[in-house]
Protein chains: 2
Amino acid sequence: MTTRWLDDRELQVWVRMVAVLELLPAQLDSHLRRVADLTYFDYYVLAMLSEAPDRSLRMSELAVRTNSTLPRLSHVARRLEIRGLVHRTTASDDRRVTMARLTDAGWDTVVATAPEHVEQVRALVFDALTPEQVEQLRGITEALLDVLDPDGLMSTPYQRPALDDL
Amino acid sequence: MTTRWLDDRELQVWVRMVAVLELLPAQLDSHLRRVADLTYFDYYVLAMLSEAPDRSLRMSELAVRTNSTLPRLSHVARRLEIRGLVHRTTASDDRRVTMARLTDAGWDTVVATAPEHVEQVRALVFDALTPEQVEQLRGITEALLDVLDPDGLMSTPYQRPALDDL
DNA sequence: GAGCATTACTTGATATAACAACTAATCTTC
DNA sequence: GAAGATTAGTTGTTATATCAAGTAATGCTC
């Protein structure tokens, strides 16, 4: 099979894309560790719970929403539970199911951290882009996700965090 | 300080961006592990060396080009050296400096893996985008890197891999 | 309704990542 | 040219990620 190499333009774009993929999560992660002792992944686990009804989700649903595997989530949930940010209980109707619920302390952590995190996202991404580029990025990410996540698992019903009313 | 929350459009874009940041590296990593038993990071270390003069770079320069820390690179280099893909030597002019050089086996690995990796990149990214979107992505990644990497360390003099002549 | 398959996790072992501490060589300054 | 500072890497420790295996509850089939 003859390889379809990237042309100069594509290569240039890809080199930059690799840099963004490396730097952006690293900087967000570093910021969250510093201000809240949470990994980027930890934060999204808490954030997803904070947006869910009753601040709780079953583990498998939470795994899908954080694009994680169940084993990974299970380990993380254990640590967050030890820190008192999350509480797990067995569902009464199906005792195989574990419900993860954000504790009050977990909620407080999200409330305390979210503004700084959003500010960071704004500083690193949206402030750097023109409104046209934001719109372009919408189309690009949509196209990429059609391939990366054809079943749309990551873009599950998402609602704006209820943090506004603070 | 009142938080400047993300508006609906920004939030929608960001949710997708988070998904892309999570899924794209994960899928590239998974592919490389499968076909070459290399992490995404391992592969880029080898790739950077393959493009360097004499297939070698000093560790600190390699760390910059892979956006890595020296400790991280040092561990990875040790593993790659054990596998016979890289060889490290002390520079004669400055004996603090370690030069990492791609071995013949390392070169062969890159040569064998690069086409599949490029194919993967094409399948996951470029085939999913229109030419206009690729052009837009060029501008967007450029703008983001101005913030993420203001000194342009990641976009160090890059030249097309010499793999074409195979 | 007993046996097997499936689902929903958890646990344990191994690999990789991140941070701090350390070593050795070179440079600087007096 | 000796003492301290800086540079370039390495090593060790602890945390996190990944994969395989295990467990327990439920569903399915005959």
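The chains referred to below are lettered A, B, ... by the order of the sequence lines, with proteins before strands, and numbering in each begins at 1. Since we're looking at a predicted model, the values are computed, not measured. Heavy atoms only: backbone and side chains are in, while hydrogens, waters and symmetry mates are out.
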From the set C/dA17, D/dT11, C/dT11, return the single nucleotide nearest to any side-chain atom of B/Pro71.
D/dT11

Among D/dT16, D/dA20, C/dA17, the nucleotide that comes nearest once only the side chain of B/Val76 is considered
C/dA17

Quick one: B/Arg95 CZ to C/dA24 C1', roughly how many Å, whole number?
9 Å

In whole angstroms, the gap separating C1' of C/dC9 from CE of A/Met99 amounts to 14 Å

Starting at the 5' end of DNA chain D and moving along, which residue's nearest nucleotide shows up first, A/Arg33 or B/Arg33?
A/Arg33

Nucleotide C/dA18, atom C1' - distance to CG of A/Leu28 in whole Å
17 Å

Any A/Thr69 side-chain N or O less than 4.0 Å from OP1/OP2 of D/dC19
no

Just checking, A/Arg72 and A/Phe41: is the charged tip under 6.0 Å from the six-membered ring centre and within 45° of the axis?
yes

Does the B/Asp54 side chain pair with the main chain of B/Ser56, one donor and one acceptor, at a distance under 3.5 Å?
no

What is the separation between atom NE2 on A/His75 and atom C1' on C/dG12, rounded to the nearest whole Å?
7 Å

Under 4.0 Å: is that the gap between some side-chain N or O of B/Arg78 and OP1 or OP2 of D/dT10?
no

Please report, rounded to the nearest Å, how far the P atom of D/dA8 is from the CG atom of B/Asp94.
8 Å

In whole Å, what is the span from the CZ atom of A/Arg58 to the C1' atom of C/dC9?
10 Å

For A/Met59 and for B/Asp42, locate the closest nucleotide of DNA chain C by heavy-atom distance; then report the residue assigned to the nucleotide nearer the 5' terminus.
A/Met59

Basic-acidic side-chain contact under 4.0 Å: A/Arg33, A/Asp29:
yes

For B/Arg96 and A/Thr98, take the nucleotide of DNA chain C holding the closest heavy atom to each; which residue's nucleotide lies nearer the 5' end?
A/Thr98

Grab the CZ-P distance between A/Arg72 and C/dA13 for me, whole Å please.
21 Å

Does C/dC9 have OP1 or OP2 under 4.0 Å away from a side-chain N or O of A/Ser60?
yes

Which atom pair, heavy atoms only, marks the closest approach of B/Leu11 to B/Leu6?
N-CB, 4.0 Å

Whether B/Arg138 and B/Glu135 form a salt bridge (side-chain N of Lys/Arg under 4.0 Å from carboxylate O of Asp/Glu) is what I want to check.
yes

Grab the CG-P distance between B/Asn67 and C/dA17 for me, whole Å please.
13 Å

